[in-house]
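Below: one structure, written as structure tokens.
All heavy atoms count here, side chains included; hydrogens, waters and symmetry mates do not.
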Amino acid sequence: TWGYNGGGACGLGHTNPVGVPTLAATSVSDVYEHYSNSDANWSYGRMFIKKTDNYIYGTGYNAYGQLGDGTTTQTNSFIKLTGWGTTVKAVYPIGQTYGYTFFQKADNSIWATGHNSLGQLGNGTTTDVTTGGPIDVTTAWGGLTGSARAIKKVIGGSSQNNTAVNTDSGWAGIL
């Protein structure tokens, strides 16, 4: 990883800028990020990886519980998100300062965590999900666990710009 690294999103254990690609983790099988985490202010970015042990690991800004570790503590190194289990097939970290994260498990259940003051988690509330880890929003999103409906893509943003639209109001959409 490399870049501004103000919120520790490079996962290197510090928040100093990193000018050249630097090894942040080994045994990585997938990397999850979203363009809304890098368009205007990387100070509040975060990144998720899946390692060969099938767990998701996260790093970066976490003031609203965006990492889904059950805390609001920023981390500058990748932490193992054991509460997510080992069946996560897709992760969608959206927005920066007021970010939130969705992920989908192998059974197609949909989970959410983070900022929700404008209802962007789609669970029928405006309560942030900051502690206790992600919540299951499958039913609220019209899905059924184990159904053939799978998320193809999640788009949205909060606080920063995304797809040339100012998203200060916060929104999300699925395909």
Side-chain angles (χ1 to χ4, degrees), residues 1-3 5 7-14 18 21-38 42 44-96 99-116 120-123 128-156 172-175:
T1 61
W2 70 96
N5 197 35
C10 287
L12 297 169
H14 59 78
V18 181
T22 304
L23 182 64
T26 59
S27 302
V28 176
S29 61
D30 212 342
V31 176
Y32 306 99
E33 58 81 33
H34 190 270
Y35 53 88
S36 66
N37 265 293
S38 60
W42 234 142
Y44 302 106
R46 64 200 179 288
M47 186 185 334
F48 296 90
I49 59 175
K50 181 183 256 186
K51 293 183 112 183
T52 55
D53 65 0
N54 285 324
Y55 279 99
I56 302 296
Y57 293 71
T59 187
Y61 190 73
N62 192 35
Y64 294 94
Q66 301 96 306
L67 291 179
D69 66 341
T71 76
T72 56
T73 304
Q74 175 177 303
T75 180
N76 303 326
S77 299
F78 285 102
I79 58 170
K80 187 176 190 174
L81 300 171
T82 57
W84 291 29
T86 60
T87 63
V88 173
K89 68 178 186 177
V91 178
Y92 304 94
I94 299 177
Q96 296 177 45
Y100 40 96
T101 302
F102 300 113
F103 66 91
Q104 188 165 32
K105 292 187 175 187
D107 67 357
N108 291 328
S109 61
I110 305 161
W111 297 76
T113 188
H115 195 261
N116 192 38
Q120 52 271 55
L121 296 184
N123 66 337
D128 295 342
V129 177
T130 56
T131 58
I135 59 169
D136 187 342
V137 295
T138 308
T139 302
W141 283 31
L144 301 171
T145 301
S147 75
R149 294 184 213 173
I151 296 174
K152 302 233 186 292
K153 183 178 184 180
V154 177
I155 59 174
I174 59 170
L175 298 175

Original post:
Closest heavy-atom contact between Gly13 and Ser77?
Top reply: CA-OG, 3.1 Å

**OP:** Can you sort out the partners of Asn76 under side chain to side chain contact (heavy atoms under 4.5 Å, CB included), two or more places apart, ordered by chain and number?
**Re:** Thr15, Gln74

**OP:** Could you tell me whether a side-chain N or O of Thr113 sits under 3.5 Å from a main-chain N or O of Gln66, the two making a donor and an acceptor?
**Re:** no

Subject >> Pairwise distance OG1(Thr82) to CD1(Ile56) - rounded to 0.5 angstrom >> reply: 12.0 Å

Subject >> Thr87 side, atom OG1; Tyr55 side, atom OH - distance, nearest 0.5 Å >> reply: 10.0 Å

**OP:** Please say which of Ile79, Thr75, Asn5 ends up in a side-chain contact (heavy atoms from CB on, under 4.5 Å) with Thr59.
**Re:** Thr75

Original post:
Closest heavy-atom contact between Thr72 and Gly65?
Top reply: CG2-N, 4.0 Å

Original post:
Are Leu12 and Thr1 side-chain neighbours, meaning at least one heavy-atom pair lies under 4.5 Å?
Top reply: yes

Subject >> Side chain proximity check, Lys89 to Asn108, heavy atoms < 4.5 angstrom >> reply: yes

I'd like a table of donor-acceptor pairs (distance under 3.5 Å, sequence neighbours excluded) in which one partner is a side-chain atom from residues 23-30, with atom names and distances.
unit_1 : atom_1 : unit_2 : atom_2 : d
Ser29  : OG     : Lys50  : O      : 3.2
Asp30  : OD2    : Tyr32  : OH     : 3.4

Original post:
Nearest heavy-atom pair of Val129 and Ile135: which atoms, and what distance?
Top reply: CG2-CD1, 3.7 Å

Subject >> Gap between atom CG of Asn123 and atom OG1 of Thr138 - 0.5 Å precision >> reply: 11.5 Å

Original post:
Which atom names give the shortest non-hydrogen contact between Gly68 and Pro134, and what distance separates them?
Top reply: O-CD, 3.4 Å

Original post:
In this structure, which one of Trp84, Tyr92, Phe102 forms a ring-ring contact (aromatic ring centres under 6.0 Å, His included) with Phe48?
Top reply: Trp84

Subject >> Residues forming a side chain to side chain donor-acceptor pair (under 3.5 Å) with Trp111, sequence neighbours excluded >> reply: Ser109

Subject >> Heavy-atom pair of closest approach, residues Val31 and Ile49 >> reply: CG2-CG2, 4.1 Å

**OP:** Would you check if Thr101 and Leu67 make a side-chain contact, meaning some heavy-atom pair closer than 4.5 Å?
**Re:** no

**OP:** Nearest 0.5 Å please: distance from the CD1 atom of Ile110 over to the NZ atom of Lys105.
**Re:** 12.5 Å

Original post:
Do Ile94 and Gln120 pass the side-chain contact (heavy atoms from CB on, under 4.5 Å) test, and can you show the C-alpha distance, the side-chain angles, and the key distance before you say yes or no?
Top reply: CA-CA 10 Å; Ile94 299 177; Gln120 52 271 55; over 6 Å; no

Subject >> Nearest non-hydrogen partners of Thr71 and Asn62, listed with the distance >> reply: O-ND2, 3.1 Å

